[in-house]
Amino acid sequence: MRRRWVALATGAALVLGACTSPTSETADRPTDQLTDLPDPADPAYDAALSEPVEDSVYPEVGDPGVDALHYDLDLTWDPDSRVLTGDEELVLRATEDDDFFQLDLAGELEVSAVTVDGREVDHEHRGKDLVVQAPVAADQRYTVRIRYAGEPGPVEAPTTRGDFAGLGWTVGDDGSVWTMQEPWGAYTWYAVNDQPADEALYDFTLRVADPMVGVANGELVSRESVEGTTVTEWSLTEPAASYVITVAFDDYVMTEQRAASGVPVSIWLPREGAARWSWLQQSTVDALDWAEQLLGAYPFDTLGFVFVDAQSGMETQTMVTLGLTEFTTSPPVQVHEVVHHWWGNQVTPEDWRDLWISEGMTTYLQKVWESEHGGPSLARSMAQIRTDAAAMREEAGPPGAYDQDAFAERNVYYLPALMWHQVRRRLGDELFFRLVREFPAAHDNENLGTEELVAWWERKSGEDLAGLVRRHLYAEQQPAR
């Protein structure tokens, strides 16, 4: 069922951000943008058609009535005033008839105007809910333009993990910026349908005073300095969920390498101290080379790594975001985030209940890498997980039914990895790794859940796997096998 703004605004637990009163005035006024609008019917947007759902874990974020197809984000960051100014153009498809639609946008960002298909419309913005008062019809497409500005900041994460300082737009002492936003937080810096089942295409224009530069997902289309302002343009031509979108601003030094397959790999390091991290230029390429040998051709055109002042890392699509710490820059973490480009980015969970799909296989393959590169044997790693399994389930619940206040804790990484080890033993190495390789390609740019995954693996393997998966994902006690 589609959530309604009226119910959400009266006190749902995840309504975040300061409240503001309605800000728009007369609706349906023509603007000067009518001739500049993109054609929402352009077949190029069809690649981003999704089937959004109301999330079963975090239903207050995202709206299944909206299918975002393309975000064009023109963002200007002032590191001195800490003000972000945004001019956003969104092409969306309505999934049902209604007299309004809703996006997620932090209350700290004040909206000055909203237009739909070139005409100004009324809007209301309370908490993190931006309600656009414009009638929409099911399966029809619209172009929405939103202008906003404010001083954004991160929001709280639903987890006890110590490396989650906050989600979304995070500002350093020097005015640098980085973003990591799983399971939500993209709404801290742009108006978005912030739920994993809705994937979209992206273009970015990022403006910041020299010597800083803006980095984002996809291909760097252009970079120039205009009267003391660095302007970069980026284009992400494969659909992505909002949680794997990234933007960073800093005084970056960029170097570029190539993987054995020819994929360009860019490294973005803060200028201060960049020399001591120069070894990352080779280790990141090595991570991609290993993953391609196991999983096949990298599913995107480019890969990058942007390094930030954080304690965590994120598989942001085509531009991995990693904190500059000993742990987050380690080769096993680099491998983990690169493997996510198959398991997590090429095929993405449709619901946060299915987070294990991305993290379980990625963790298992990370352990395979470690066993081949001087780390503990795979048998030893699996034995250690089994030893700790009861504690993991006690701490955060079963991996397929985790506590909503314990997002992305170790139960969804290690317990599904142990499950995949059991599947491997049942199928044998040859069949198991063939299916590991084939599964993302068979679901290119799709969002799916546990049932679809199990059905595909059973069909391809000829084995009954549902019972094994069910025991490992949902049992309160760790299964013996």
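Residue numbers run from 1 in the order of the sequence given. If you're wondering where the values come from, they're calculated on a predicted model, not measured in any experiment.
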J.: Looking only at atom types and distance, does a side-chain atom of Q317 sit under 3.5 Å from a main-chain N or O of P239, one as donor and one as acceptor?
T.: yes

J.: Heavy atoms only: give me the nearest P158-Y58 pair and the separation to one decimal.
T.: CG-OH, 3.7 Å

J.: Applying side chain to side chain donor-acceptor pair (under 3.5 Å), can you list everything that pairs with T237, at least two apart in sequence or on another chain?
T.: none

J.: Would you find a donor on one side and an acceptor on the other, under 3.5 Å apart, between the side chain of D198 and the backbone of A68?
T.: yes

J.: Have E359 and H336 got a donor and an acceptor in their side chains that come within less than 3.5 Å?
T.: yes

J.: Salt bridge (Lys or Arg N to Asp or Glu O under 4.0 Å) for E430 and R434? Distances and angles first, verdict last.
T.: CA-CA 6 Å; E430 182 178 354; R434 177 167 64 81; over 6 Å; no

J.: Looking only at side-chain N and O atoms, does E372 offer a donor or acceptor that is under 3.5 Å from a partner on W290?
T.: yes

J.: Any side-chain donor-acceptor pair under 3.5 Å between D351 and S56?
T.: yes

J.: In this structure, are over 12 heavy atoms from other groups packed under 6.0 Å from F327 atom CZ?
T.: no

J.: Is E51 atom CD crowded by more than 12 heavy atoms from other residues, nucleotides or ligands, each under 6.0 Å away?
T.: no

J.: Does D194 use its side chain to pair, donor to acceptor, with the backbone of A186 at less than 3.5 Å?
T.: yes

J.: Distance from S371 atom OG to Q366 atom CD, nearest 0.5 Å?
T.: 11.0 Å

J.: Under a 3.5 Å cutoff, is there a donor and acceptor pairing between the side chains of D354 and T450?
T.: yes

J.: I'd like to check V436 versus W457 (side-chain heavy atoms, cut-off strictly below 4.5 Å). Are they in contact?
T.: yes

J.: Quick one: does H472's side chain get under 4.5 Å of Q478's, heavy atoms only?
T.: yes

J.: Would you say R425 has more than 12 foreign heavy atoms packed within less than 6.0 Å of its CZ?
T.: no

J.: Quick one, T232 and F204 - any side-chain contact, counting heavy atoms below 4.5 Å?
T.: no

J.: Hey, mind stepping through E108 and T188 against side chain to side chain contact (heavy atoms under 4.5 Å, CB included) and telling me if it holds?
T.: CA-CA 8 Å; E108 289 82 0; T188 62; over 6 Å; no

J.: Distance check, rounded to the nearest 0.5 Å: R93 atom CZ versus T95 atom OG1?
T.: 6.0 Å

J.: Take Y243 and W184 through the test ring pair (Phe, Tyr, Trp, His ring centres under 6.0 Å) and record every step on the way to the result.
T.: CA-CA 6 Å; Y243 79 94; W184 61 68; over 10 Å; no

J.: Distance-only check: which donor-acceptor pairs under 3.5 Å involve side-chain atoms of residues 294-312, not counting sequence neighbours?
T.:
from: Y298; atom 1: OH; to: T302; atom 2: O; distance (Å): 2.8
from: S312; atom 1: OG; to: D163; atom 2: OD2; distance (Å): 3.1

J.: Any side-chain to backbone donor/acceptor pair from R147 onto V111? Under 3.5 Å, distance only.
T.: no

J.: Check whether any side-chain heavy atom of V155 sits under 4.5 Å from a side-chain heavy atom of Q181, and report yes or no.
T.: no

J.: So, the side chain of H123 versus the backbone of I146: is there a donor-acceptor pair under 3.5 Å, distance only?
T.: no

J.: So, E54 side chain and D63 main chain: donor-acceptor pair closer than 3.5 Å or not?
T.: no

J.: Distance-only, no hydrogens or angles: does the S50 side chain make a donor-acceptor pair with backbone N or O of P52 under 3.5 Å?
T.: no

J.: Is there a donor-acceptor contact under 3.5 Å from the side chain of N193 to the main chain of G62?
T.: no

J.: List the steps and the verdict of side chain to side chain contact (heavy atoms under 4.5 Å, CB included) for W178 and L322.
T.: CA-CA 10 Å; W178 55 268; L322 291 178; over 6 Å; no

J.: F100 and side chain to side chain contact (heavy atoms under 4.5 Å, CB included): which partner among V132, V131, V121?
T.: V131

J.: Is Y202 atom OH crowded by more than 12 heavy atoms from other residues, nucleotides or ligands, each under 6.0 Å away?
T.: yes

J.: Side chain of H340, backbone of W343: donor and acceptor closer than 3.5 Å?
T.: yes

J.: Work out which heavy atom in A157 is nearest to a heavy atom in F164; give both atom names and the distance.
T.: CB-CD2, 3.5 Å

J.: Identify whether the distance between the nearest side-chain nitrogen and carboxylate oxygen of R141 and D46 falls below 4.0 Å.
T.: yes

J.: Do R386 and M382 have side chains that get closer than 4.5 Å, going by heavy atoms?
T.: no

J.: Could you walk me through whether D203 and E233 pass side chain to side chain contact (heavy atoms under 4.5 Å, CB included), step by step?
T.: CA-CA 7 Å; D203 285 290; E233 294 183 345; over 6 Å; no

J.: May I ask you to check whether R424 and Y364 show a side-chain donor-acceptor distance below 3.5 Å?
T.: yes

J.: Might you work through the ring pair (Phe, Tyr, Trp, His ring centres under 6.0 Å) test for W169 and W77, ending with a clear yes or no?
T.: CA-CA 11 Å; W169 192 271; W77 173 241; 5.3 Å; yes

J.: Would you compute the distance between atom CG of L130 and atom CG of L103 and round it to the nearest 0.5 angstrom?
T.: 5.5 Å

J.: Considering non-hydrogen atoms only, spot the tightest contact between L448 and I357 and give its length.
T.: O-CD1, 4.0 Å

J.: Look up atom CD in E395 and atom OG1 in T160, then write down how far apart they are to the nearest 0.5 Å.
T.: 7.5 Å

J.: Quick one: does T348's side chain have a donor or acceptor within less than 3.5 Å of a partner on A241's backbone?
T.: no

J.: Could you go step by step and tell me if D289 and V285 meet the side chain to side chain contact (heavy atoms under 4.5 Å, CB included) rule?
T.: CA-CA 6 Å; D289 287 344; V285 172; 3.8 Å; yes

J.: Do V116 and T143 come close enough that some side-chain heavy atom pair is under 4.5 Å?
T.: no

J.: For the residue pair L431 and K460, what are the closest heavy atoms and their distance?
T.: CD1-O, 4.5 Å

J.: Report yes if some heavy atom in the side chain of E315 is under 4.5 Å from a heavy atom in the side chain of N345; otherwise report no.
T.: yes

J.: Indicate yes or no: at least one non-hydrogen side-chain atom of T329 is less than 4.5 angstrom from one of L324.
T.: yes

J.: Any luck finding a side-chain donor-acceptor pair between Q346 and N445 under 3.5 Å?
T.: no

J.: Would R393 and Q477 count as a side chain to side chain donor-acceptor pair (under 3.5 Å) if you check the C-alpha gap in whole Å, the side-chain angles of each, and the deciding distance to 0.1 Å?
T.: CA-CA 7 Å; R393 289 179 188 267; Q477 304 296 322; over 6 Å; no

J.: On the ring face of Y402, is R353 found with NZ or CZ under 6.0 Å from the centre and within 45° of the axis?
T.: yes

J.: Could you verify whether a donor N or O on one side chain and an acceptor N or O on the other, from Q334 and T284, lie under 3.5 Å apart?
T.: no

J.: Nearest 0.5 Å, what's the NE2-CZ distance between H443 and F439?
T.: 5.0 Å

J.: Taking only Lys NZ, Arg NE, NH1 and NH2, and the carboxylate oxygens of Asp or Glu, determine whether E60 and K128 approach each other closer than 4.0 Å.
T.: no

J.: So, E219 versus S235: side-chain donor-acceptor pair below 3.5 Å or not?
T.: no

J.: Kindly state whether the ring of Y413 and the ring of W356 have centres lying under 6.0 angstrom apart.
T.: no

J.: Can you tell me how far the CD atom of E182 sits from the OG1 atom of T159, to the nearest 0.5 Å?
T.: 10.0 Å

J.: Angle between ring planes, H70 versus Y45, binned at 30° and 60°: parallel, tilted or perpendicular?
T.: tilted

